[in-house]
Amino acid sequence: MDVSPLLEGLNAAQREAVCAPLSHRLILAGAGAGKTRVLAHRIGWLCATEGFRPSQVLAVTFTNKAAREMQQRIRALLAEVEPGYGAAQGMWVGTFHGLAHRLLRLHWRDAGLVESFQILDADDQNRLLKRIVQDLELDESRFPPRQAAWWINGHKDEGRRAKHIQPTDPITRTWLRIYEAYEATCERSGLVDFAELLLRSLELWRQHPALLEHYRLRFPNVLVDEFQDTNTIQYAWVRLLVGDSGCAFVVGDDDQAIYGWRGARVENVRRFLDDYPHAATLRLEQNYRSTGNILDAANSVIAHNHSRLGKNLWTSADSGAPILVYSAYNEMDEARFVVEDMERRRAESSLRFADLAVLYRSNALSRVLEESLIGRGLPYRIHGGLKFFERAEIKDSMAYLRLIAHRHDDAAFERAVNTPPRGIGQRTLEAVRHVAATRQSSLWESATWCAHDGGLAARSKQALDRFLGLIDQLDGDTRDTSLAQRVDAVLDRSGLRAHYGAGGRGALEDRSDNLDELVSVASRYMPPDEDPIDSELAAFLAFAALEAGEAQASEDQDSVSLMTMHAAKGLEFDVVYLVGLEEGVFPSHRSVDEDDRLDEERRLAYVGMTRARQQLVLSHAETRRLHGSDHYHMPSRFLREVPEHLIQAVRAAQRPLSAYPARVSPPPNAHDELPKGMKVGDRVVHPKFGEGTLTEAEGSGAHTRVQIVFDQAGSKWLVLSYAPLERATRRS
DNA sequence: AAAGACAATTTTTTT
DNA sequence: AATTGTCTTT
């Protein structure tokens, strides 16, 4: 057997990681240091030289995309090492949720589930919670369903069920009541949300030691990617599986931990070292992606963070071009600059559109850029946004399929009953829900009863009965047909196709196109080889929930990428434009008050900057129109944290206004002064609060509000035209 | 029961 | 600004 492909092209540190002896390892790998590569090669190494079969390897990633990539790389490697190796048979590579789901499908009985349990996505969960909050007769404005979901998921992510929580105050008591009711509903309807997948599978192992032992023996090797993004329960899951006998190989970068706000615990990295004192730490610090200047800039920014595990990226590459910083008048000027710069670069070199990316803090910033790109006719692709399976019309269709597969799915029932409208209104539903609540039954059972026995109007009974009959018939009639035919039958006989086809209220035509696309997706769908689910429909439903799919399909077309910095993690481009570098935008105004959050923003900046291979372009706007009103922000602190000698500044003022493309209107009052001749950044004085700095402004004319950070009195928002503010006289 | 006016809301995202 | 959900009207 030739193991050389496994080591080819690896540097000393990478090689050490790949060939490490069998014991626990923590690999701290900086951006662009080849961590995914190391992970794939490590698995190849384990199989080729340590005598493991691929089926003895379990590797976890965070996204489906990463899982697919990993699987492909390993397959290619193994094929090279040992031609005809049966291509990674039996290997478990997937997301935490995907693997947990597989476990629950295999051991549904032991996990206390019904065989046909359904997965509840975030949207389903919110709807269900809304229903529950209403049923409990609580004030929705005081207990918003979204917040309830947040509260419940937060506890589940920490491994706590309702019974583990001791309420100390009335508010917590109420949240707990919601949690309990939610648990009961999910139980009764056979529904499992994302957090539940993990918690259930963890409990499955805890409560069935023999089963756990089986998996420990089966997977002596457990590998985790993006370890800094694991939450409490994911960590517990890995720890339980590894136990004392297994071998954990975890890869991460504490400087790229950007998901703390959704429960990820960077501390898990340290905790791993506490829990496995013999684990050796290896650092991958050589970066193969970016120029020296880009790395220097990124390193300088991240150096401002507290409590890092310590790591300094270096490269043998040239320092490259300086970091460009563009100061725009406003967001339109900024977008114009970005697009013109792209055109210029493309004219001067052989860059493809796909080598260019614009990254921003929040999705709201993408619109202007999009308009500018359209104006100049450049192809682009916005990543993120609504996924295919999250679209309303698709979810409507899926609700029918879910009911066909599992009648007791209350979430699907609520969605499908009256979509499209078929005369089953609030009153009727109220009655159905009431019966369900008193009998502790699913909505389906309750509806069956109501359609014949309840005290409903004959009309309503009939409508209800027709709906129930429709589902039963769809199930019966299409049982032996292909998945695509089933979907097609659902669209036709449910009336959804006619409903969306009619074009509704100004509704976009692609709604109906999406329905056709769903049929086509179904016809192309192939259940995974080693899937524990025997029904094609059930497998398809799980696929839709776990893998919502990219919104735009045109992946092959050469186009500029637009996305949030979060979405850019793991990707790289020759030229990266980081726009909206303004205090209050990035770092976000919701983060500036807390050190921890600010650190996370800074890590996000680090992630964004290190996406660039050749050229990094940073920009900020003096004025930005956001949510309908004007904002005047100071340049982001992250800009100031980039050493000056790395920067080449481009001032907007050098460009005449007449150079603006005709379709973008010239900026009104762009860099103008605020009323009273003030500008952001000025020193001001207030008779009562003393001296301070004008840091931000919002609104225009007489409504302009400004934020002043007073030297003594703290920060305050004042209406400029009323506040007795004066410009401070400069002291000598 | 369904359409239309009105008000509130707006980080980041995966599964 | 624009989307989203709630309330009102017919």
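Numbered from 1 within each chain, the chains take letters A, B, ... in sequence-line order.
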Should [X] be listed as having a side-chain N or O under 4.0 Å from OP1 or OP2 of [N]?
| X | N | answer |
| --- | --- | --- |
| A/T564 | B/dT11 | no |
| A/K387 | B/dT14 | yes |
| A/N363 | B/dT13 | yes |
| A/N418 | B/dA2 | yes |

Length of the line joining [X]:[atom1] and [N]:[atom2], which is rounded to integer Å:
| X | N | atom1 | atom2 | value |
| --- | --- | --- | --- | --- |
| A/L581 | B/dT11 | CG | C1' | 15 Å |
| A/F194 | B/dT13 | CZ | P | 16 Å |
| A/H631 | B/dT10 | NE2 | P | 14 Å |
| A/R590 | B/dT10 | CZ | P | 7 Å |
| A/K65 | B/dT13 | NZ | C1' | 14 Å |
| A/I258 | B/dT13 | CD1 | P | 9 Å |
| A/E226 | B/dT15 | CD | C1' | 15 Å |
| A/Q125 | B/dT15 | CD | P | 16 Å |

(message) I need the minimum non-hydrogen distance between A/A59 and A/L99, along with the two atoms involved.
(response) O-CD1, 4.0 Å
(request) Report the nucleotide, chosen from B/dA1, B/dT15, B/dT11, that has the shortest atom-to-atom distance to any side-chain atom of A/E601. (result) B/dT11
(message) Nearest to the A/R597 side chain among B/dT14, B/dT11, B/dT13, which nucleotide is it?
(response) B/dT11
(request) Check the geometry between A/Y259 and B/dT14 and answer yes if their rings are stacked (centres below 5.5 Å, planes below 30°), otherwise no. (result) no
(message) Restricting to salt bridge (Lys or Arg N to Asp or Glu O under 4.0 Å), what partner residues turn up for A/E594, sequence neighbours left out?
(response) A/R597
Identify whether the distance between the nearest side-chain nitrogen and carboxylate oxygen of [X] and [Y] falls below 4.0 Å.
| X | Y | answer |
| --- | --- | --- |
| A/E196 | A/K156 | yes |
| A/E583 | A/R637 | yes |
| A/R262 | A/D157 | no |

(request) Starting at the 5' end of nucleotides 1-10 of chain C, put B wherever the base has a protein heavy atom under 4.0 Å, S where only the sugar-phosphate does, and a dash everywhere else. (result) B---SS----
(message) Less than 3.5 Å apart, any donor N or O on the side chain of A/N305 or A/R602 sitting next to an acceptor on the other?
(response) yes
(request) Tell me, yes or no, whether the heavy-atom count around A/E370 atom CD, taken from other residues, nucleotides or ligands under 6.0 Å, exceeds 12. (result) yes
(request) Would you mind classifying the nucleic acid contact of A/D229 as base, sugar-phosphate or nothing, using non-hydrogen atoms under 4.0 angstrom? (result) nothing
(request) Could you pick out which residue, A/I424 or A/M563, lies toward the 5' side of DNA chain B when each is mapped onto its nearest nucleotide? (result) A/I424
(request) Write down the distance separating the C1' atoms in C/dT6 and B/dT11, rounded off to the nearest Å. (result) 25 Å
Please report, to 0.1 Å, the donor-acceptor pairs under 3.5 Å made by any side chain of residues 253-261 of chain A, with sequence neighbours excluded.
| residue | atom | partner | partner atom | Å |
| --- | --- | --- | --- | --- |
| A/D253 | OD1 | A/D255 | N | 2.9 |
| A/D253 | OD1 | A/K311 | NZ | 2.8 |
| A/D253 | OD2 | A/Q256 | NE2 | 2.9 |
| A/D254 | OD2 | A/L309 | N | 2.8 |
| A/D255 | OD1 | A/R308 | NE | 2.9 |
| A/D255 | OD2 | A/R308 | NE | 3.4 |
| A/D255 | OD2 | A/R308 | NH2 | 2.6 |
| A/D255 | OD2 | A/K311 | NZ | 3.0 |
| A/Q256 | OE1 | A/R611 | NH2 | 3.4 |
| A/W261 | NE1 | A/I258 | O | 3.0 |

